[in-house]
Asks: 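Can you read through this structure? Questions will come right after.
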Amino acid sequence: MNGMHDAFNCRHHLQPVGDLSVMVCTTCQTTQWWDGRGLIHPADGVARLFGEYELIGTLPAVGGPSSVILTYRAPNFSARQHLAAFPVNTWIRIDNGLWLSHDGTTLLLAPADRHVASTFAG
């Protein structure tokens, strides 16, 4: 019953973000990324929205979905507004290999691949 109830609470609405539209559902852990031509791969969506962000460091993944959390800063206020499409302080599965969260100003990415995470951790 609980799963059925949760399915009825899903909100799958596209939100305009930059030159994309993003659908984020925390109930069913689903994201979709769209551009003017249609559905795009999540990695392309992340790259287009956050590609100009600067890597500022790593954090231990206490309570996170990966062994290391990569932290990024927006280059300007306009780019930081892209974070508003995603819920604050909630891990969202972007793809099988990537989770995203933020605190309103800092983008947090958690790669599931240990090799990728350890490359950034040093």
Side-chain angles (χ1 to χ4, degrees):
M1 178 80 172
N2 219 5
M4 292 281 288
H5 178 70
D6 288 345
F8 291 120
N9 289 325
C10 287
R11 299 218 175 227
H12 292 193
H13 300 287
L14 290 175
Q15 299 178 59
V17 185
D19 66 342
L20 301 177
S21 293
V22 179
M23 185 283 302
V24 178
C25 180
T26 58
T27 302
C28 66
Q29 284 296 320
T30 301
T31 61
Q32 290 184 342
W33 305 72
W34 298 77
D35 67 9
R37 295 173 289 159
L39 189 65
I40 62 173
H41 192 277
D44 293 333
V46 170
R48 285 171 63 177
L49 283 187
F50 304 115
E52 293 181 3
Y53 277 48
E54 175 188 358
L55 178 67
I56 55 176
T58 60
L59 297 170
V62 178
S66 175
S67 59
V68 172
I69 306 300
L70 309 174
T71 60
Y72 292 86
R73 175 180 28 235
N76 54 49
F77 178 77
S78 178
R80 189 171 65 227
Q81 289 181 314
H82 294 168
L83 295 173
F86 302 89
V88 177
N89 299 323
T90 301
W91 286 108
I92 300 295
R93 189 173 111 187
I94 300 302
D95 201 5
N96 288 336
L98 185 64
W99 291 76
L100 177 149
S101 187
H102 71 93
D103 64 1
T105 58
T106 304
L107 171 66
L108 307 172
L109 294 179
D113 185 311
R114 291 176 190 251
H115 178 70
V116 171
S118 64
T119 299
F120 286 97

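What you see is a predicted model, and the numbers here were worked out from it, not measured in a lab. One is the number of the first residue; the rest follow in order along the sequence.
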Asks: List the atom of P111, the atom of V68, and the distance in Å for their closest heavy-atom pair.
Replies: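 That would be CD-O, 3.9 Å.
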
Asks: Side chain of T106, backbone of R73: donor and acceptor closer than 3.5 Å?
Replies: no

Asks: Minimum heavy-atom separation for I40 to L20, with atom names?
Replies: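 Distance-wise, the nearest heavy atoms are CD1-CD2, 3.9 Å.
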
Asks: Does W91 share a hydrophobic cluster with L59, counting links as ILVMFWY side-chain heavy atoms below 4.5 Å and allowing steps through other members?
Replies: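 Yes, same cluster.
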
Asks: Taking the side chain as C-beta and beyond, is there a heavy-atom pair between Y72 and L109 under 4.5 Å?
Replies: yes

Asks: Looking at CG of L107 and CG of L55, how far apart are the two atoms once the value is rounded to the nearest 0.5 Å?
Replies: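 It comes to 10.0 Å.
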
Asks: Over all heavy atoms of both residues, which pair between Y53 and A79 is shortest? Give the atoms and the distance, please.
Replies: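 Looking at all heavy atoms of both residues, the shortest contact is OH-O, 2.7 Å.
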
Asks: Between V24 and A85, which heavy-atom pair has the shortest distance, and what is it?
Replies: CG2-O, 3.7 Å

Asks: I need the I92 CD1 to T31 OG1 distance, nearest 0.5 Å.
Replies: 8.0 Å

Asks: When you measure from the side chain of S101 to the backbone N and O of L108, does any donor-acceptor pair fall under 3.5 Å?
Replies: no

Asks: Do L39 and M23 sit in one hydrophobic cluster, given that two such residues count as connected whenever their side-chain heavy atoms are within less than 4.5 Å of each other, even indirectly?
Replies: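 Yes, it is one cluster - the side chains of L39 and M23 are joined through contacts under 4.5 Å.
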
Asks: Let me confirm one number: the CG-CD distance from N76 to Q81, rounded to the nearest 0.5 Å.
Replies: 9.0 Å

Asks: For H102 and L83, which heavy atoms make the closest approach, and how far apart are they?
Replies: NE2-O, 3.0 Å

Asks: Assess the residue pair F86 and W99 against the criterion (ring-ring contact (aromatic ring centres under 6.0 Å, His included)); give the C-alpha distance rounded to whole Å, side-chain angles, the decisive distance to 0.1 Å, and a yes or no.
Replies: CA-CA 12 Å; F86 302 89; W99 291 76; over 10 Å; no

Asks: Can you tell me how far apart CG (L100) and OG1 (T90) are? Round to the nearest 0.5 Å.
Replies: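 The CG atom of L100 sits 10.5 Å away from the OG1 atom of T90.
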
Asks: Would you say the side-chain atoms of D95 pair up with the backbone N or O of G97, donor to acceptor, closer than 3.5 Å?
Replies: no

Asks: Report the distance from atom SG of C28 to atom CZ of R93, rounding to the nearest 0.5 Å.
Replies: 10.0 Å

